[in-house]
Amino acid sequence: MNWEENNNQNTKKKIKNVLSYVVKFIFGKNIYQNFLRVYLLLVVAGSLLLYFDISHLPNTKVKYNYTYWTALFVACSAFSNTGLSPIEIYSFYNILGQSVILFLIWSGGIGIISVFFLLWNWLRKEGEFKYKELLLLKEERGEENLLNAFRLIKFSTIFITLTQLFFAILISFWICFFPSYNQISIGVINGVEKNYMISWDDKSNLLDTYHNFPLALWHGLFCSCSAMNNAGFELFSSINSNYSLSSFRNDWNVIFQLLISIEIIIGGIGFPLIFDVYEKYRLKKKNMTYKFTLFTKVCLISYIVVFVISTGTALSFEFFYADKSYFTNFNNTYDEWTIINSPNEIMLDSGIVRPWGSNPEFNKVCCIIFNSINTRSAGFSTINQGLLTEGSRIIFTLSMFIGTSPSSTGGGIRTTTLAILICYFVATLFGKKNINLFKRRIPEETVMRSLFVFIAGFFLMLISAVIIFHTRNIHDKSMSVGESFNWHLTPIIYEICSAFGTVGLSTGVVGKCDELALFILTILMFIGQLGVSSTLLAWRKNKVSVDTYSYGYEDIKIG
């Protein structure tokens, strides 16, 4: 009997060891490998669901030349909260496909590992976590304080989910009861029937959501979740071509832009900042003092500074220094329109169209502010990005490369990285040894890591641009034979930074990419979601070698 018990124990031990080995092989041996492989598994699972015909509307797969690489790209774009897509979501995927994309957006924004641990903790009804579990929560969406990691994730998840449901109701009511018009329609221009863009007065082109509350509710839920998680996906593109939320650009729809902007900012400022504000309010009610962390101060200030600079510079380019601007010269690259007295009016055979509504100057300023907010991570757009001035595209490219706050739903090198690098530059310029912020000294390791993230991100963009630029001779399948897409370096870099910053704005390049270019952009979106340092650390050996000796110093001359 003892022999049988020992044999059973040995068998169970062997099974346990095999299972442990399989789990480590699948999910990795360190925290960063856990993130990388869990994210990869979820993206692959989502891409398979999106590839199967059960997720498609009838007769769409052949029309769009839909391959698995396209499905993988869309799945990664949704999970990384980017919003880039070579196809129209609403006109290609059915309700199941749209639901898969919605789940990927939500789990990618909140953090799939955080969601898993929250559900696991709720099912087992325990409040204790192991050290490694807390490290996972901290690295994904938490802060440096391990003790607050679970409370932070729990509060932020509940707060963000409830907030996006609240905004979903507001957005649904708005698009259901306030008229918004299709921005792509067919009109007669100089006696010839053509597609004309950005119409505002055509009352026959109301959106399908008007007075259709079930459809408006689904659109509102999808749009709200996408905005809160800085994803940039919406269900209006089949109506508006590549111009995203262009139907909501003018007049009273500025309020719609405000609702979306509030969600984008909440999702982009970072979970620790949201939790810090909550702690401040909670302790204040108990007559207790609470000081904001250094992370909160740096995140908030750097977010505001980057936004003000990018918005102000874009305004100057579009209104004061532009010979050909989307805002000052609506004719730009199109010869179908006849400008009447100003770019605010366009003459069609059917009458005068006012593309900027009844208050054009105010609407233009709001449009630039909205698009500047979106270049940080969200990816919604009310204008064609390809018609912006070169200066505005460069500024927005830099904004997308910088991204939003760490531990948020956004990507990029992050605002805190930029803040630390600027402080490092100033300290070096004035001969200071230490880098101080708000009477706190920044560790040298953090400074070096910030420099590493910036350099790695820069070279990643550069290498990706070179590879994608070599695909410039690929012909767009929707064009006639011999007619190729006009590939320039600025739009390509714009698209690359959009993917890396998990933004989702596009100048049209993504729709012309082949499988290689889509694969490169997919990798960039994945790295943008996981983070540069976390991605590279996932490939590091678990056992770090320690030098048993060191060489003597010898300086070299640098620039």
Side-chain angles (χ1 to χ4, degrees), residues 26-27 35-110 112 115-116 218-219 221-223 225-226 229 231-238 241-242 244 379 411 464 467-468 471 474-478 495 498-499 502 504 506 508-530:
I26 295 174
F27 296 104
F35 283 123
L36 179 66
R37 298 184 185 185
V38 169
Y39 286 5
L40 186 61
L41 284 172
L42 187 63
V43 168
V44 171
S47 66
L48 290 173
L49 286 173
L50 293 178
Y51 179 69
F52 294 144
D53 292 338
I54 57 172
S55 299
H56 309 156
L57 292 171
N59 303 321
T60 54
K61 200 168 186 177
V62 177
K63 176 184 176 182
Y64 284 92
N65 192 28
Y66 191 74
T67 64
Y68 175 73
W69 292 111
T70 309
L72 181 64
F73 184 88
V74 173
C76 188
S77 180
F79 181 73
S80 63
N81 302 140
T82 302
L84 287 174
S85 177
I87 59 175
E88 296 169 353
I89 302 301
Y90 186 63
S91 61
F92 184 85
Y93 295 108
N94 57 25
I95 191 69
L96 176 61
Q98 294 171 24
S99 299
V100 171
I101 293 174
L102 185 63
F103 174 76
L104 289 172
I105 291 172
W106 179 77
S107 59
I110 298 296
I112 186 61
V115 172
F116 170 76
W218 175 240
H219 277 63
L221 178 63
F222 195 98
C223 190
C225 182
S226 182
N229 294 288
F233 278 103
E234 33 68 37
L235 300 178
F236 302 102
S237 290
S238 63
S241 187
N242 293 323
S244 189
S464 301
I467 295 174
I468 294 179
T471 66
I474 297 171
H475 300 289
D476 182 10
K477 295 174 182 177
S478 65
E495 213 88 3
S498 178
T502 66
S506 176
V509 172
V510 69
K512 322 297 182 202
C513 289
D514 66 345
E515 284 78 5
L516 175 60
L518 286 179
F519 182 69
I520 296 297
L521 292 174
T522 302
I523 293 175
L524 290 174
M525 291 188 295
F526 200 84
I527 294 174
Q529 167 71 314
L530 189 57

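- With sequence neighbours excluded, no residue satisfies side chain to side chain donor-acceptor pair (under 3.5 Å) with Thr522.
- Atom CD1 of Ile105 sits about 5.5 Å away from atom CZ of Phe233, to the nearest 0.5 Å.
- Ser77 pairs by the side chain to side chain donor-acceptor pair (under 3.5 Å) definition with nothing, not counting sequence neighbours.
- The closest donor-acceptor contact from the side chain of Ser107 to the backbone of Phe103 lies under 3.5 Å.
- Residues Asn94 and Ile54 come closest through the heavy atom pair ND2-O, 2.8 Å.
- Put simply, the side chain of Tyr51 does not reach to within 4.5 Å of the side chain of Leu72, judged on heavy atoms.
- Between the side chain of Asn229 and the main chain of Asn81, no donor-acceptor pair closer than 3.5 Å is present.
- Between atom CG of residue Leu518 and atom OG1 of residue Thr67 there is a gap of 7.5 Å, rounded to the nearest 0.5 Å.
- For the pair Phe92/Leu50, no side-chain contact is recorded, criterion being any heavy-atom separation below 4.5 Å from C-beta on.
- No donor-acceptor distance shorter than 3.5 angstrom exists from the side chain of Ser226 to the backbone of Phe222, with no hydrogens or angles considered.
- Distance check: Leu524 CG to Phe519 CZ gives 10.5 Å after rounding to the nearest 0.5 Å.
- A pairwise comparison of heavy atoms in Pro86 and Thr70 identifies CG-CG2, 3.7 Å as the closest pair.
- Taking the side chain as every heavy atom from C-beta outward, Val74 and Tyr93 approach each other to under 4.5 Å.
- Take Trp218 and apply the side chain to side chain donor-acceptor pair (under 3.5 Å) test, not counting sequence neighbours, and it matches Gln98.
- The backbone N or O of Leu49 lies less than 3.5 Å from a partner atom in the side chain of Ser55, making a donor-acceptor pair.
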